[in-house]
*Asks:* 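Next up is a structure, given as structure tokens.
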Amino acid sequence: MMDMRKLCPNLDKQDGLDTVLEVPVPEEMFSNMGNNKSSRWANMRALMMRAKSADKSSHLQAKSDNEFIALLKLVGSPLIPFQVHPDQPVTRSITDCSIEASTAKYIVQQYVAAIGGPMVLNSVTSMYAVGQVKMAGSEMQQGDGSVQTGGKSEVGGFVVWQKNPDLWCLELVVAGYKVNAGSDGKLAWNQSSCQTCHSNKGPPRPLRRFFQGLDPRCTANLFLEAVCIGENMANNEDCFVLKLETDVNILKTQASSNTEILHHTMWGYFSQRTGLLVKFEDTKLVKMNPARGNDTVFWETSIESLVEDYRYIEGMNIAHSGKTTATLYRYGESRNHKRKIEETWRIEEVGFNICGLSMDCFLPPADLMREQDGGEE
């Protein structure tokens with residue numbers, strides 16, 4: 001990982017002030033975009049403003065720009081199926097429930113203590129984080145065997161803002177392509193530099209990236225409803241494993257006319273030594289119903305995040321690096337395909353209780369707002 005650039009020179013006016021980039025980009029990404037400084041910034045601006053392209057793409061072993069963007073969204077901005085309410089207490093009674101559930105609540109209490117304690121968690125009303133990523137991918141391979149990532153790695157950066165679990169926005173830039181995602185408390189949405197904006201089905205949900213050590217309060221509230229299923233190793237740590245299944249009624253609200261979510265399961269691995277979250281994992285199975293015929297296709301997405309390098313920021317223990325591996329498995333009809341995407345990430349800057357962070361910071365794009373006002377999905 002390298003340093004990040006935050007300023008862009010004024011390419012239209014030589015003596016103009018530098019412009020602050022919306023998303024800081026790693027030095028490596030900038031240096032690969034031209035032979036001199038001027039051409040690099042010009043190339044970057046052209047990439048960020050590019051229209052939808054039909055050109056073949058080699059990014060992450062993708063065959064088109066649209067496929068590359070889909071892979072970016074898969075690993076860069078997936079959502080968690082549960083709504084997490086910030087007004088819930090981060091500790092619960094461990095009585096009047098099963099042994100597995102009470103054990104999980106006790107483990108979460110130890111996690112809350114390791115992360116900074118209830119008073120610190122309750123004092124946070126908003127946050128932001130700036131980070132950089134490096135991604136690598138595999139081709140879509142036939143069969144159900146193991147797959148390995150290869151080819152050129154792509155670098156990029158992201159900025160995420162959050163006022164509570166239902167108010168957040170993310171901007172992610174990788175290889176000159178940009179993905180935006182957010183939630184205004186009523187709906188969650190996403191768009192990219194070469195695809196139009198669309199909203200997610202169901203009520204607003206938090207961003208999965210928050211559960212990679214960025215938002216301990218969200219993590220604690222999520223796993224308070226889990227059960228302890230035993231012990232296992234993760235990242236060379238002995239861990240307690242907590243499991244959480246998504247209720248079928250919640251999944252129904254997130255399905256569409258031609259998709260059915262069969263299950264979405266989450267696991268948290270909490271270190272027995274430190275109490276901290278070491279690994280966050282989830283698996284989602286979607287059934288695609290064809291408009292005609294009986295050729296049903298299933299898509300199974302498994303995402304595993306190793307979380308490490310905890311550091312105290314304003315009294316709260318925040319993870320500053322990790323690795324996320326997403327495996328996409330398609331089966332049904334006559335062919336099975338599998339591919340893998342890996343993202344290595346590092347947090348450069350974190351802040352809490354941001355002044356001036358209003359509702360206007362989380363508004364969806366204008367075209368999506370017009371659709372909602374017009375009564376369209």
*Asks:* Side chains of Phe240 and Gln110: closer than 4.5 Å at any heavy-atom pair?
*Replies:* no
*Asks:* Would you tell me whether Thr125 and Asn353 have side-chain atoms, one donor and one acceptor, within less than 3.5 Å of each other?
*Replies:* yes
*Asks:* Applying the 4.5 Å side-chain criterion to the ILVMFWY set and letting contacts propagate, would Leu306 and Trp345 be lumped into a single cluster?
*Replies:* no
*Asks:* I'd like to know if Glu343 and Lys323 make a salt bridge, using a cut-off of under 4.0 Å between side-chain N and carboxylate O.
*Replies:* no
*Asks:* Between Glu300 and Lys284, does any NZ, NE, NH1 or NH2 come within less than 4.0 Å of an OD or OE carboxylate oxygen?
*Replies:* no
*Asks:* Taking atom types as modelled and ignoring hydrogens, do the side chains of Ser256 and Asn258 form a donor-acceptor contact shorter than 3.5 angstrom?
*Replies:* yes
*Asks:* Quick one: do Glu304 and Lys279 make a salt bridge, cutoff under 4.0 Å?
*Replies:* yes
*Asks:* Taking the side chain as everything from C-beta on, heavy atoms only, tell me whether Ile303 gets closer than 4.5 Å to Pro78.
*Replies:* yes
*Asks:* I'd like to know if Arg208 and Asp282 make a salt bridge, using a cut-off of under 4.0 Å between side-chain N and carboxylate O.
*Replies:* yes
*Asks:* Just do the side-chain contact (heavy atoms from CB on, under 4.5 Å) check on Leu214 and Ile318 with the steps written out, would you?
*Replies:* CA-CA 6 Å; Leu214 269 182; Ile318 299 296; 4.1 Å; yes
*Asks:* Can you name the closest pair of heavy atoms from Met135 and Val75 and give their distance?
*Replies:* CE-CG1, 3.6 Å
*Asks:* List the steps, then state whether side-chain hydrogen bond (donor to acceptor under 3.5 Å, both in side chains) holds for Tyr128 with Glu349.
*Replies:* CA-CA 8 Å; Tyr128 82 96; Glu349 190 175 334; 2.4 Å; yes
*Asks:* Under a plain distance cut-off of 3.5 Å, with no hydrogens placed, do Gln254 and Asn200 share a side-chain donor-acceptor pair?
*Replies:* no
*Asks:* What are the two closest heavy atoms between Gly76 and Leu170, and how far apart are they?
*Replies:* O-CD2, 3.6 Å
*Asks:* If you compare all heavy atoms of Pro364 against all heavy atoms of Asp184, which two are closest, and at what distance to 0.1 Å?
*Replies:* CD-OD2, 3.6 Å
*Asks:* So, do Lys340 and Leu328 sit near enough that their side-chain heavy atoms are less than 4.5 Å apart?
*Replies:* no
*Asks:* So is Arg209 actually on top of Phe158's ring, under 6.0 Å and inside 45° of the axis?
*Replies:* yes
*Asks:* Spell out, as yes or no, whether a donor-acceptor pair under 3.5 Å connects the side chain of Thr274 to the backbone of Ser271.
*Replies:* no
*Asks:* Nearest heavy-atom pair of Ala114 and Leu276: which atoms, and what distance?
*Replies:* CB-CD2, 3.8 Å
*Asks:* If you look at every heavy atom in Trp161 and Phe210, which pair is closest and at what distance?
*Replies:* O-CZ, 4.4 Å
*Asks:* Just checking, any donor-acceptor pair under 3.5 angstrom between side chains of Gln272 and Glu231?
*Replies:* yes
*Asks:* Is Lys287 close enough and on-axis enough to Phe298, meaning under 6.0 Å and within 45°, for cation-pi?
*Replies:* no
